[in-house]
Amino acid sequence: MDPIGLYIHIPYCLHKCGYCDFNSHPENAAEREVYVPTLIDEIRHYAPRLQGRRVGTIFFGGGTPTTLPAGDQIRILKACKRHFEVMDDAEITTEANPSTVETENLKCLRAAGINRLSVGVQSFDADELKALDRVHSVEEIHQTVERARTAGFDNLSLDLMFALPGQTRERWQDNLEQAIAKNPEHLSTYNLTIEPGTAFHKLHEAGQLTLPEDDFQLELYQYTIERLQQAGYDHYEISNFARPGRESRHNIIYWENGDTLGLGAGASSYLDGVRFKNFNTPAHYIDRVKTDGHAVQTEETLDARRAMGETLMLGLRLKRGVSIPKFERRFDVPFSRVYGPVLERLLKQDLILMQGDRLALSPRGLFLADSVILEFIE
Ligand code: SF4
């Protein structure tokens, strides 16, 4: 069986960014004191269910996991290693925001086995950071990267956002150059989207925030691909770039629609064909784990057709695409019997291509990815 990915949600942030629709809540020291042991209880709860399964990746996400004292993250990691079969070479990532990390903390996390750091940079431009409602400065980004390297992190990912209101091509180019100059092993670049329920959504509705036109967004995206490839990064997923061998193994499990267990408030899981999700608010999550040992709020078993559609939807995000033989083994059905007509049509339109026995988006399909992928979903 393929190794599973473990996701651990730390829901606290110093401040809610205007665009954020993640499950993040203001820092709360008293609640945190209870949240961490609750997570460990939840880990203990799932130990029997994961018996015989190897854990290949662990990802601390949020929120901002580094709002926790390093000792708390280490306690959680130790509990994972005690109760689950974590592989010796597991990829163990923590997200970190500039302004929440000191060198000593990072050294402790690195010594405890966290071997990958994903830094939420978003922008190297002070005005853009302000417009995005981020609490950190450009200087703190530089410090964070320096501290991470000093602490021994040799697998560093930087998150950047483009297509911000009023962003010019030159400003985005400058952001990219600054990111490249940091020589990270991995880069994620996402265009800003306006999500319902966020502060940005209200501004957008009121006509006070305008995103760039689609054509301009596409131009920035195309430029990003060209420039990062030129700088030696492989464009291995729609929004992600990596030095050879430094792809996010954790996210690849998601994109391959593999088994994942999510722990913590609001975390989602996909295990043995069942998708389930925890209660969102930390207080609710804590209560439920206390009474039931877990905090699952919703659960659904995917039928084969839906699981196939999701496997394609996620797998086509990867440049290497989807292995047809693996797909057929997994679902025990010939691919062409299910998707023959749509396959033929998209191949004719040069939106997808076969690379050996793998199905992938074509260069043309990449820029129309959302609509191409939808063709496989009923
Ligand atoms: S730091 Fe990240 S998770 Fe926290 S509010 Fe900002 S965008 Fe959301």
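We count residues from 1, following the sequence as given. Note that ligands are numbered from 1 as they come in the structure, with each ligand's atoms numbered from 1 the same way.
- Side-chain contact check for Gln217 and Asn191: at least one donor-acceptor pair (N or O, by modelled atom type) lies under 3.5 Å.
- Atom CD1 of Ile43 and atom CG of Leu261 lie 9.0 Å apart (nearest 0.5 Å).
- Remark: the backbone N or O of Phe162 is not paired with any side-chain donor or acceptor of Gln167 at under 3.5 angstrom.
- When hydrogens are left out, the protein atom nearest atom 7 (S) of ligand 1 is Tyr19 OH, 3.5 Å; that is the closest non-hydrogen contact.
- Checked options Arg134, His136, Gln122; the residue passing with Asn97 is Arg134 (criterion: side-chain hydrogen bond (donor to acceptor under 3.5 Å, both in side chains)).
- Among protein heavy atoms, the minimum distance from atom 3 (S) of ligand 1 is reached at Gly63 N, 3.4 Å.
- Using cut-offs of 30° and 60° on the angle between ring planes, the pair Tyr339 and Phe335 is tilted.
- Scanning the protein for heavy atoms near atom 4 (Fe) of ligand 1, the closest one is Cys13 SG, 2.2 Å.
- Among the atoms of Cys17, an N, O or S atom falls under 2.8 Å from atom 6 (Fe) of ligand 1.
- The closest side-chain donor-acceptor pair between Thr193 and Glu195 falls under 3.5 angstrom.
- The backbone N or O of Ile92 lies less than 3.5 Å from a partner atom in the side chain of Asn115, making a donor-acceptor pair.
- For ligand 1, the atoms lying closer than 4.0 Å to a non-hydrogen atom of His15 are 5 (S).
- When each atom of ligand 1 is checked for a heavy atom of Lys16 under 4.0 Å away, the hits are 5 (S).
- Nearest to atom 1 (S) of ligand 1 among the protein's heavy atoms is Asn97 ND2, 3.1 Å.
- Scanning the protein for heavy atoms near atom 2 (Fe) of ligand 1, the closest one is Arg134 NH1, 4.1 Å.
- At least one N/O/S atom of Cys20, whether from backbone or side chain, sits less than 2.8 Å from atom 8 (Fe) of ligand 1.
- Of all atoms in ligand 1, listed by their number and element, those nearer than 4.0 Å to a heavy atom of Phe22 are 3 (S), 8 (Fe).
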